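Remarks on the structure that follows.
Please read these numbers as outputs of a predicted model, since none were measured by experiment. For the numbers below, each heavy atom of this structure counts, side chains included, while hydrogens, waters and symmetry mates do not.
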Amino acid sequence: MYLMSRRYAAAPRCPQAQAAHAAAAPSYPRYTREEVGRHRSPEERVWVTHGTDVFDVTDFVELHPGGPDKILLAAGGALEPFWALYAVHGEPHVLELLQQYKVGELSPDEAPAAPDAQDPFAGDPPRHPGLRVNSQKPFNAEPPAELLAERFLTPNELFFTRNHLPVPAVEPSSYRLRVDGPGGRTLSLSLAELRSRFPKHEVTATLQCAGNRRSEMSRVRPVKGLPWDIGAISTARWGGARLRDVLLHAGFPEELQGEWHVCFEGLDADPGGAPYGASIPYGRALSPAADVLLAYEMNGTELPRDHGFPVRVVVPGVVGARSVKWLRRVAVSPDESPSHWQQNDYKGFSPCVDWDTVDYRTAPAIQELPVQSAVTQPRPGAAVPPGELTVKGYAWSGGGREVVRVDVSLDGGRTWKVARLMGDKAPPGRAWAWALWELTVPVEAGTELEIVCKAVDSSYNVQPDSVAPIWNLRGVLSTAWHRVRVSVQG
C-alpha cells in the first residue's frame with residue numbers, strides 16, 4: 001500500500017490522467033459525527049476522523065508506537081487535537097499510513113448547532129476533546145491520566161480547567177486592573193502598563209485543585225463536589241509581574257502589623273453580580289521568596305481564556321482556588337476575602353462532621369496543600385504484558401516543600417521500592433513544581449498487582465495509607481496512598 005500510494009502521488013497530472021484517476025478512486029459511504037462517535041472501543045471497532053475522512057483503526061491500535069491507550073483517547077472523534085501534541089504526526093508517511101484504514105467520509109451537510117443567546121455559557125471558549133469532563137456548565141475538566149505525566153510542563157490545552165462561573169470575554173485594550181492602595185488611593189493598570197512598568201518574572205509552578213482525587217473519597221461515603229480523578233493538577237511556566245512589586249508601587253509597606261490579607265476579585269460573576277474571590281496572607285503576597293505573580297503568560301504564550309486571560313493570580317505552593325483568574329481587583333484588608341469560596345468552601349473537616357453539623361467558621365481556609373502523589377501509568381484495570389513493567393506518576397507538596405522520595409509497592413504496601421525522580425532541583429523552600437517519577441520492575445505472567453505509591457517531602461510529611469480517616473463532607477484534601485490494580489497477561 002505504501003508503494004501504491006507513492007505511485008499515485010507521482011502520477012501525471014494531465015487532464016486525461018486526472019480523469020482516469022478520479023474514475024478509479026473508490027467511492028466511500030458518508031457518516032455523521034454521531035455515527036463515528038459510536039465506535040470507541042476495539043469491541044465495537046475504533047473509528048477516528050482526520051479532516052473530512054473517516055478511518056477504522058481497530059487493527060492499528062495495538063501497533064500504535066505511543067501505545068494503545070494514547071490512540072484510544074481519540075476514539076470516536078477527531079485526530080487533529082491529539083496529533084498537535086506530537087510533531088511526528090506531521091510527517092508525510094504518517095498520513096500515508098493512515099490512508100490504508102479509510103472507510104468513509106463525513107457527511108457534507110453537517111453544521112454545528114447555533115449557540116443559544118440566552119445561555120450564559122454560550123460564549124465559553126472551545127476546549128480540547130481529550131479532556132475528561134466533570135461538568136459542562138460551568139466547564140470543569142482534567143487531562144487524561146495517560147497524558148498527565150508525559151511532559152514536565154502541561155500543554156495549555158490539556159491543563160486542568162476549574163471554572164465556577166461562565167468564562168468572561170475580555171477586550172484586552174480596555175482591560176484595567178484596579179489596585180486599592182493605602183489612604184483611599186487607587187491604582188488602575190492597563191495590560192500594557194502591567195507589562196511595561198514592572199519587571200517580568202517567570203516561575204514554574206504546579207496548581208492543584210483541593211478536590212483532586214475526590215472520586216476516591218466518594219467511594220468511602222458520598223461527598224458533595226465534582227468527581228475529579230487524579231488529573232485536577234497541572235504544571236506550567238508562568239510569566240508576569242510580581243504581586244509584591246505592584247503592591248509596593250501602590251504604596252504598601254513591606255510589613256504590616258497584625259493579621260492582614262490580600263484579597264482578589266475576578267471578572268467572572270454569578271447572576272447576582274457577585275464575583276469569584278479569594279485571599280492570601282499579606283506576608284505571602286509581599287515575600288520575595290513566595291513568587292506570587294500577576295500572570296499574563298502561560299508556557300510562553302498569552303493566557304488562554306479558560307486560564308484567566310488577560311491576567312490571573314498565580315500563588316505557588318497554595319491551593320488553586322486562591323489563584324484567581326480574570327483578575328479585576330486587588331485589595332488589602334484586615335479580614336479574609338468575604339467571598340463564598342473563601343468563607344464557605346475549600347475547608348477541611350473531621351470525618352465526624354456532616355451537613356447537619358458543619359460550621360464553616362470553625363475551620364481555616366485551605367492555603368498550602370499536603371504532600372500528594374499518584375500513578376498515571378498503568379491505568380486501573382489494565383492487562384500488562386509479562387517482563388518489565390514501567391510505573392509512572394507525579395508527586396508534589398505544597399508550601400514549596402521538595403518531594404525527596406516516592407515509594408512504590410506492587411503488592412499493596414507489603415514491600416516497597418524507591419522510584420527515580422525526574423526534574424531539576426529547586427532552591428530550598430521554593431519547590432513549586434511537581435516531580436515526575438518512574439520505576440521499572442520485572443513482573444511475572446498470570447499475577448495480579450496492586451500498585452501503590454506514596455510521596456515524602458522535605459519536612460518528612462508522608463501521605464496517609466487510607467482514605468477513611470481523612471474523609472470529609474466536601475471531599476477535599478484526598479491524599480491517601482494511590483492504589484492501582486492491574487493484571488499481568490499469561
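Here the side chain of Ser234 pairs a donor or acceptor atom with the backbone of Phe160 at under 3.5 angstrom. The backbone N or O of Ala455 lies less than 3.5 Å from no partner atom in the side chain of Asp457, so there is not a single donor-acceptor pair. Side chain of Asp180 to main chain of Arg178: no donor-acceptor pair is present (N/O by atom type, distance under 3.5 Å, no hydrogens or angles).
A 6.0 Å sphere centred on CD of Glu450 holds more than 12 heavy atoms belonging to other residues, nucleotides or ligands. Other residues, nucleotides and ligands place more than 12 heavy atoms under 6.0 Å from the CD atom of Glu171. For CZ of Arg38, the number of neighbouring non-hydrogen atoms (other residues, nucleotides, ligands) closer than 6.0 Å is greater than 12. No more than 12 heavy-atom neighbours from other residues, nucleotides or ligands sit within 6.0 angstrom of CD on Glu44.
The side chain to side chain donor-acceptor pair (under 3.5 Å) search around Lys200 returns Glu297, not counting sequence neighbours. For the side chain to side chain donor-acceptor pair (under 3.5 Å) test, no residue two or more places apart in sequence or in another chain qualifies with Gln367. Looking at residues two or more places apart in sequence or on another chain, you find no side chain to side chain donor-acceptor pair (under 3.5 Å) involving Trp437. Residues forming a side chain to side chain donor-acceptor pair (under 3.5 Å) with Arg305 (at least two apart in sequence, or on another chain): none. For Trp260, there are no ring-ring contact (aromatic ring centres under 6.0 Å, His included) partners two or more places apart in sequence or in a different chain.
Between Asp345 and His340, the closest side-chain pair of non-hydrogen atoms falls below 4.5 Å. Side chains of Asn212 and Trp396 form no contact here, defined as non-hydrogen atoms less than 4.5 Å apart. You'll find the side chain of Phe309 stays beyond 4.5 Å of the side chain of Pro304, heavy atoms only. Proximity of Arg284 to Val318: side-chain heavy atoms (C-beta onward) are separated by under 4.5 Å at one or more points. Taking 4.5 Å as the limit, every side-chain heavy atom of Phe264 sits out of range of all side-chain heavy atoms of Tyr276.
Neither side chain, Asp268 nor His164, offers a donor N or O lying under 3.5 Å from an acceptor on the other. In the model, Thr440 has a side-chain atom that pairs as donor or acceptor with a side-chain atom of Thr390 under 3.5 Å. Neither side chain, Asn461 nor Ser397, offers a donor N or O lying under 3.5 Å from an acceptor on the other. Side-chain atoms of Asn299 and Asn156 include a donor-acceptor pair closer than 3.5 Å.
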Check the pair Arg244 / Leu248 against side-chain contact (heavy atoms from CB on, under 4.5 Å), numbers first and verdict last.
CA-CA 6 Å; Arg244 164 189 166 84; Leu248 292 175; 3.9 Å; yes
One pair to check against side-chain contact (heavy atoms from CB on, under 4.5 Å): Met298 and Trp238. What are the steps and the verdict?
CA-CA 5 Å; Met298 180 179 180; Trp238 308 96; 3.7 Å; yes
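Nearest heavy-atom pair across Val311 and Leu194 is CG2-CD2, 3.8 Å. Residues Ala75 and Val48 share a closest heavy-atom pair of CA-CG1, 4.2 Å.
The CD atom of Gln342 sits 11.0 Å away from the CG atom of Asp335 when rounded to the nearest 0.5 Å. Summarising the geometry, atom CE belonging to Met217 is positioned 7.0 Å from atom OG1 belonging to Thr479; distances are rounded to the nearest 0.5 Å.
Paired with Leu267 under the rule side chain to side chain contact (heavy atoms under 4.5 Å, CB included), one option of Arg329, Lys325, Arg328 passes, and it is Arg328.
Residues in residues 357-366 take part in these side-chain hydrogen bond (donor to acceptor under 3.5 Å, both in side chains) pairs, two or more places apart or across chains: Asp354-Thr357, Asp359-Arg361.
The pair Arg242-Asp291 meets the salt-bridge criterion, since a charged nitrogen lies less than 4.0 angstrom from a carboxylate oxygen. Note on Arg483 versus Glu216: no salt bridge recorded, every NZ/NE/NH1/NH2 to OD/OE distance being 4.0 Å or above. A salt bridge does not link Arg132 to Asp229: none of the charged nitrogens lies less than 4.0 Å from a carboxylate oxygen.
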